[in-house]
Amino acid sequence: MLMAKKNIGEECVICEESKIKGIHLYTAFICTDCESDLISTDMNNPKYKYFLKQLRKVTNPEISS
């Protein structure tokens, strides 16, 4: 018997995986694993450029009145 995979959590804007724990940054979700990795990565590390590329997906929502 096959069971459908149930998506639990939200998709992380950096790793693009569904995770339960994390933070919200404007319109995006960042999982705790990526958050920890991001803040501990040196700017000279090539991985840092990947983080910047992924974070460009985050948009600042406009406030309408």
[X] side-chain N/O to [Y] backbone N/O, donor-acceptor pair under 3.5 Å:
X	Y	result
Q54	V13	yes
Y48	L38	no
T32	G22	no

Gap between atom [atom2] of [Y] and atom [atom1] of [X] - 0.5 Å precision:
X	Y	atom1	atom2	answer
L55	Y50	CG	OH	10.0 Å
S18	F29	OG	CZ	8.0 Å
D37	N45	CG	CG	8.5 Å
I20	C31	CD1	SG	11.5 Å
M43	L52	CE	CG	8.0 Å
K47	S40	NZ	OG	7.5 Å

Quiz item: Do F51 and I14 come within less than 4.5 Å of each other through their side chains, counting heavy atoms only?
Solution: yes

Quiz item: Any side-chain heavy atom of E11 within less than 4.5 Å of one from K19?
Solution: no

Quiz item: Does atom NZ of K57 have more than 12 heavy-atom neighbours from other groups under 6.0 Å away?
Solution: yes

Quiz item: For S36, what residues pass the side-chain hydrogen bond (donor to acceptor under 3.5 Å, both in side chains) criterion, not counting sequence neighbours?
Solution: none

